[in-house]
Amino acid sequence: MPQKRQTTRSPKTVSRILELFSSLRELTSLDAILERILSEARELSGAEAGTVFLREGDRLGFSFVQNDRLAGAENLTERVYQSASLPIDDSSIAGYAALTGQTVVIEDAWSLPEDAPYHFNIDFDKRSGYRTRSILSLPVVNSRGMVVAVMQLINAAGPRGKPGPFSPEAADYAALLTHHAAAAIETGLMTREMVLRMVRMAELRDPSETGPHAQRVGAYAAEIYHALALARGVGSGVLKRTKDLLSVAAMLHDVGKVGIPDGILMKPGPLTPGERAIMCRHTWHGAALFRDPGSELDAMAADIAAHHHQRFDGAGYPACKGLLFPQAHPDQPVPDGLAPLAGQDIPLAARIVALADVYDALISRRVYKQAWPDDQARAHIIRESGKHFDPEVVRAFFSLGAVVTAIRERFPDP
């Protein structure tokens, strides 16, 4: 471990770090916060790759990963959703940093001294063909002195394009960044927990509305949008901002089911026309929760709740296959903004969630059906392209490849 020496902090760099944490307040999803923090840390330190681990009890969960050398690898995005974890102990460098609360600086991970108090597992390097050399592993400590995360930076830029050691200046700036990162990460964790509590509230009424289902739909929707935005040539700033909002808003697509009677939500058989008309109202109830939105997130959540059962061909909710609510329930007319829509008039976020929600429902077991095989669910989506689903959204979904499987494995049903 290199000997620590005094460093002089550039006021410009310190100002940049403080501006970063001011801008983090604009982000909503935990993944967007982690991505921004890790990207900035890598740029400040010249790191080729990095990972953020979040503390989950007595383990560290892989929560975000970046790797410039493997950026062209088809499975890089899959690693963002990997569900692997490490024990908080000396069996790994990140685990040791979390256990001790100490920063660990290593020049060559493959040549650790025999008396090192931690270990390095070279299995990933062997599988991927990647060569980890220098490592900077920093605990992220909150205001109560608890380690909530570990940020691990890998392979500092060296001469002639080869990895070199992390400089004392790089370690100092990264440590300053992680010192301020804890508050932003805890805010992201709090937002995620509040959203999941709303989902669990709906789950009390409808057992199919589970936290894992909501998280899968949010992740599918975010990655579908990412692929679609890239195909459209959307700028990086707009892409990241919209993806951030969508990953959270999509999780709230069915919270309106709290307003539907239990007898309908939990009925194991087909619904009668009258029951189906009442079930259709969950789009109203969901949109009403976000009435008079005060933020972009609320506005997107309202669009998704209201319109995620609209079909691209103009049928579906709130038309409910032609059974308009005013005809069935004259005392409750269709609220403003919930008239049947079709095609591009349906908000893009709702068109994306329409596919993500149906796909996940098809491949999941429900009280009224068994889970469909994945190939059968995909064949259904292809058949419904241009009818139920926006063809552009369908193309984006099928471009995701194994990322879809990685999301399913990250958020499994109990």
Side-chain angles (χ1 to χ4, degrees), residues 16-44 50 52 54 63-66 71 76-77 80-81 177 180-181 183-196 198 214-253 287 290 292-308 344 346-357 390 392-393 396-397 399-400 403 407:
R16 174 179 170 179
I17 292 173
L18 296 179
E19 287 175 5
L20 164 68
F21 289 101
S22 177
S23 69
L24 286 175
R25 288 196 290 268
E26 300 174 4
L27 300 178
T28 303
S29 74
L30 181 61
D31 281 350
I33 291 171
L34 297 180
E35 188 274 338
R36 183 69 188 279
I37 291 171
L38 182 57
S39 294
E40 193 73 15
R42 288 179 53 223
E43 188 168 343
L44 283 171
V52 177
L54 288 182
S63 294
F64 210 88
V65 60
Q66 295 174 344
L76 182 61
T77 304
V80 172
Y81 293 104
L177 191 150
H180 291 279
I185 290 173
E186 288 200 304
T187 298
L189 287 167
M190 187 184 306
T191 299
R192 184 173 69 179
E193 183 57 32
M194 290 300 294
V195 169
L196 288 174
M198 292 184 71
Q215 289 175 295
R216 290 193 299 268
V217 170
Y220 295 146
E223 296 305 331
I224 290 170
Y225 171 76
H226 191 126
L228 186 151
L230 288 177
R232 288 184 173 183
V234 173
S236 174
V238 174
L239 187 158
K240 289 182 178 180
R241 177 65 177 162
T242 306
K243 182 178 180 180
D244 168 41
L245 294 171
L246 183 55
S247 66
V248 176
M251 294 172 62
L252 298 168
H253 62 285
F290 305 101
D292 301 324
S295 68
E296 289 182 87
L297 177 63
D298 284 349
M300 183 179 286
D303 277 345
I304 291 171
H307 301 295
H308 71 284
Q344 303 295 322
I346 303 170
L348 176 60
R351 279 180 271 149
I352 290 173
V353 174
L355 190 153
D357 186 33
D390 179 346
E392 186 181 19
V393 173
F397 171 75
S399 74
L400 298 182
V403 171
I407 291 171

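Only heavy atoms go into these numbers, but all of them, side chains included; no hydrogens, no water, no symmetry mates.
- Looking at M300 and T242, their side chains come closer than 4.5 Å, going by heavy atoms from C-beta outward.
- Considering only heavy atoms from C-beta on, M251 stays 4.5 Å or farther from V217 through its side chain.
- Put simply, the side chain of L348 reaches to within 4.5 Å of the side chain of L228, judged on heavy atoms.
- Across every non-hydrogen atom of H253 and D357, the tightest pair is NE2-OD1, 3.3 Å.
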Item to complete: Please report the C-alpha distance between L400 and I224 in whole Å, then the side-chain angles of each, then the deciding distance to 0.1 Å, and finally whether the side-chain contact (heavy atoms from CB on, under 4.5 Å) criterion is met.
Response: CA-CA 7 Å; L400 298 182; I224 290 170; 3.9 Å; yes
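- In terms of modelled atom types and a separation under 3.5 Å, the side chain of H307 and the main chain of D303 share no donor-acceptor contact.
- Across all their heavy atoms, L246 and A349 have their closest contact at CD1-CB, 3.9 Å.
- Residue L252 holds its CG atom at 10.5 Å from CE of M194, rounded to the nearest 0.5 Å.
- In this structure, the side chains of Y225 and L245 stay at 4.5 Å or more apart for every pair of heavy atoms.
- Side-chain contact between L177 and L44 is present, with at least one heavy-atom pair separated by less than 4.5 Å.
- Looking only at side-chain heavy atoms (C-beta outward), T191 and L30 stay at 4.5 Å or farther from each other.
- The shortest distance between side-chain heavy atoms of L34 and L54 falls below 4.5 Å.
- Side chain of D244 to backbone of T28: a donor-acceptor contact under 3.5 angstrom is found.
- Among residues two or more places apart in sequence or in another chain, the side chain to side chain contact (heavy atoms under 4.5 Å, CB included) test is passed with S39 by E35, Q66.
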